[in-house]
2 protein chains.
Amino acid sequence: MADVTLRDVARVSGCSVATVSRVLAGTRPVGAETARRVREAAETLGYRPNHAARALRSRSTGTVGLVLPQITNPFYPALVRELTHALHAGGRAVLLADCDDDPVAEAEYIADLLGRQVDALLVIPAHEERSRDAVTAAAARVPLVLMDRGCGPAVADSVAVDNTAGMALVLDHLAAAGRRRVCFLGATGTASAAAERRAAYAAGAAALDPGAPDQVALGDFSVEWGRAAVDEVWAARPDALVCANDLIAIGALQRLQQLGVDVPGEVAVTGFDDIPMAALSAPGITTVRQPVTELAAEAARLLGRRLAGGEEGSPRQAIRLTPELVVRESSVARPAGTAGGTVPAPGGAASLLAD
Amino acid sequence: MADVTLRDVARVSGCSVATVSRVLAGTRPVGAETARRVREAAETLGYRPNHAARALRSRSTGTVGLVLPQITNPFYPALVRELTHALHAGGRAVLLADCDDDPVAEAEYIADLLGRQVDALLVIPAHEERSRDAVTAAAARVPLVLMDRGCGPAVADSVAVDNTAGMALVLDHLAAAGRRRVCFLGATGTASAAAERRAAYAAGAAALDPGAPDQVALGDFSVEWGRAAVDEVWAARPDALVCANDLIAIGALQRLQQLGVDVPGEVAVTGFDDIPMAALSAPGITTVRQPVTELAAEAARLLGRRLAGGEEGSPRQAIRLTPELVVRESSVARPAGTAGGTVPAPGGAASLLAD
DNA sequence: TTGAAAGCGCTAACAG
DNA sequence: CTGTTAGCGCTTTCAA
């Protein structure tokens, strides 16, 4: 029951601790027979390496810190899931810190994680500017990958969705569906999601309607703002509301339903991110799905490369992954035959189970 | 830049490493002047304790493992948030493992976390029976607290919501609103949320309607089941659907709207948990809010007590916290004056911000 | 291919 | 109150 150490395994298998270490770590060639005996002894004794000792000696804890602005942001749980799986697959454990959207707390968590000898850091910065110092300092000490949001140019390797491509998918879809009077319900600020989606809308909407780039209402990424934004733009009688994320779209949809407006008949509504709620609202929301699994895989890969070494001098990488359009009922009128009674197919909706 | 060790601090402050250790850890009284010099030296050198070395020596990593069935379960992000905050407040870091509802993966993660010398474990078991062996074994090695779900009697300390009290809140509310033909849309299985809520419904519903305890449809905790369940019970023309969780309630609501049924006019719908989506659906769903902050605080407190020691022999504690009823539009007809046009007050809905 | 030995940075006896 | 000393369990030279 008590902890079995390398010495115990060495004694039982009749060789030295050094040999046992080599067998178990596979760092150097060891005689086949010896190796077998060692492995057998380790097995029967139930040997478990002591990571603290290993870390002290080898200066590597096999641990990665994950710093988030807010785990309750509905886009993050799926990302955290994929990240932990990708990192665990590489034999690493994940230390989680939720900084509650506070850059000061974020800096403290980062310092604490560095003190705990994390091998690397994965950070979704809480703030475009105010996270920069802490992130830059941390990036000088360990490999660090930024995710989802930016934090100034070339501060560290980064992985994020291609917001411009995503917005283009939405606009193409709306154009193909014959929508012409388009409005954008977005968010203020310089954060990448807000700024890039805004800019991509402005760039792409002119092709639909010369006046569209000016039909813009800016607030924050919330349901409340989505509700309020409808009232700001409804007088222009748009036939499509392009929302900068799914929460805004949900709010817009609620307000439209309250006003008795037919969606998608009178107006189409689109979101961005594909959070679980986008599939569950009625009508389901057409949105841009972030490639969460690929985002996580890329982040893990970048970390792995830097950890493997030999990349010290290589330039920062900024990886952008192309998202996918998920078409649901909020942008496409149902075929006439299925108007009543049938359950709408929740297009590719992930099944949510909970208790 | 290079790592500063206790020796460096000792040399600069002119005393022994032991003294420095004492000052910084506060384990023993140290002369005021010496302490000052040590602290000053540590400060100017930028000393950061090496947690790996500390862990190796003191057999305590200051780290707690958190093992979850599925972070994407919409009830867990808020719980994870509160747990990490509560534990960080106690100076502990959190190692996160998401086992994807697989008890085998769960056992592996638990073993890995133990190998990493976590001081304690917080486990939301993936399965009532199949998680038991791994949990029991782990509980023999470190303090372990079970959360949210059960895992056999007296396996470890546990913290969960009082499902019986929660269901009683719902039934009282419906009775006061004059509802009499009540149906339960629940889940099969022996997991505590399913079984306890089912039993509490059966016990409480008889007071409303002698036939109500038999008006039960059982599936799983999903939106899909919520939709299907309506069709199973609708023939009985209930005036209230009591759902075992919010996802079932969301599905039920969707199906009812599709059938053109007025909610809450013809039928009231209630949920359980108060996940974010419950506030965002239209109408908002009346539900039982789990006391997430208190749940987390209790779990942290139990862990702290066991870690402080002196409790080795004390019996397992099973703490049940009383939830709160959150009344929204799905169970209460709007006052006549506010029927049209105004934005519904999203009763206490947490503001969700995302990008 | 293997073993002996030297620590990694820190804490905890044990003296003084 | 403070210093000396002995390791925690492991990896990694250096010799054999």
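Every chain is numbered from 1 and lettered A, B, ... according to where its sequence line falls, protein lines coming before strand lines. Just so you know, these numbers come straight off a predicted model, no measurement behind them.
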Item checked: Phosphate-side-chain proximity, Ser21(B) and dC10(C), N/O vs OP1/OP2 below 4.0 Å -> no

Notebook entry, point to check: Rounded to the nearest Å, what distance is computed from the CG atom of residue Leu24(B) to the P atom of nucleotide dG9(C)?
Noted result: 16 Å

Check: Under 3.5 Å, is there a donor-acceptor pair between the Arg59(B) and Gln117(B) side chains?
Finding: no

Notebook entry, point to check: Arg54(A) has an atom CZ; how far is it from atom P of dC8(C), in whole Å?
Noted result: 20 Å

Check: Atom CZ of Arg116(A) and atom P of dG9(C): how far apart are they, to the nearest Å?
Finding: 19 Å

Check: Can you tell me how far P of dC8(D) sits from CG of Leu6(A), to the nearest Å?
Finding: 13 Å

Checklist line | Pair Glu106(B), Ser131(B): side-chain N/O donor-acceptor within cut-off below 3.5 Å | finding: yes

Next item on the list: Answer yes when Arg36(B) and Glu40(B) have at least one side-chain N-carboxylate O distance shorter than 4.0 Å, and no when they do not.
Entry: yes

Checklist line | Criterion salt bridge (charged side-chain N to carboxylate O under 4.0 Å, His left out) against Asp157(A), the qualifying member of Arg305(A), Arg306(A), Arg316(A) | finding: Arg306(A)

Notebook entry, point to check: How many Å lie between CG on Asn50(A) and P on dC8(C), as a whole number?
Noted result: 18 Å

Margin query: If you count heavy atoms of other groups shown closer than 6.0 angstrom to CZ of Arg48(B), is the number above 12?
Written below: no

Next item on the list: Answer yes or no: does atom CD of Glu33(B) have more than 12 heavy-atom neighbours from other residues, nucleotides or ligands under 6.0 Å?
Entry: yes

Notebook entry, point to check: Closer than 4.0 Å, any side-chain N/O of Arg7(B) to the OP1 or OP2 of dC10(C)?
Noted result: no

N/O-N/O pairs, protein side and nucleotides 1-3 of chain D side, under 3.5 Å:
{"unit_1": "dT2(D)", "atom_1": "OP1", "unit_2": "Thr34(B)", "atom_2": "OG1", "d": "2.5"}
{"unit_1": "dT2(D)", "atom_1": "OP2", "unit_2": "Gly31(B)", "atom_2": "N", "d": "2.5"}
{"unit_1": "dG3(D)", "atom_1": "OP2", "unit_2": "Ser16(B)", "atom_2": "N", "d": "3.1"}
{"unit_1": "dG3(D)", "atom_1": "OP2", "unit_2": "Ser16(B)", "atom_2": "OG", "d": "3.2"}
{"unit_1": "dG3(D)", "atom_1": "OP2", "unit_2": "Thr19(B)", "atom_2": "OG1", "d": "2.5"}
{"unit_1": "dG3(D)", "atom_1": "N7", "unit_2": "Arg22(B)", "atom_2": "NH1", "d": "3.1"}
{"unit_1": "dG3(D)", "atom_1": "O6", "unit_2": "Arg22(B)", "atom_2": "NH2", "d": "2.3"}

Note to self: Using whole Å, what does the distance between atom P of nucleotide dG9(D) and atom CG of Leu45(A) come to?
What the structure shows: 15 Å

Margin query: Please determine whether a side-chain nitrogen of the Lys or Arg among Arg301(B) and Glu298(B) lies less than 4.0 Å from a carboxylate oxygen of the Asp or Glu.
Written below: yes

Check: Between dA12(C), dC8(D), dT12(D), which nucleotide gets closest to the side-chain atoms of Arg59(B)?
Finding: dC8(D)

Check: What does the inter-axis angle of the helix from dT1(C)-dA16(D) to dG16(C)-dC1(D) come out as, five pairs per end, nearest 10 degrees?
Finding: 30°

Note to self: Main chain of Cys99(B), side chain of Asp102(B): is a donor-acceptor contact present, judged purely on distance under 3.5 Å?
What the structure shows: no

Next item on the list: Return the value, rounded to whole Å, for the distance between atom CD of Gln117(A) and atom C1' of dC10(C).
Entry: 12 Å

Note to self: In whole Å, I'd like the distance from the CZ atom of Arg57(A) to the P atom of dC10(C).
What the structure shows: 15 Å

Checklist line | Nearest non-hydrogen partners of Leu95(B) and Val118(B), listed with the distance | finding: CD1-CG1, 3.9 Å

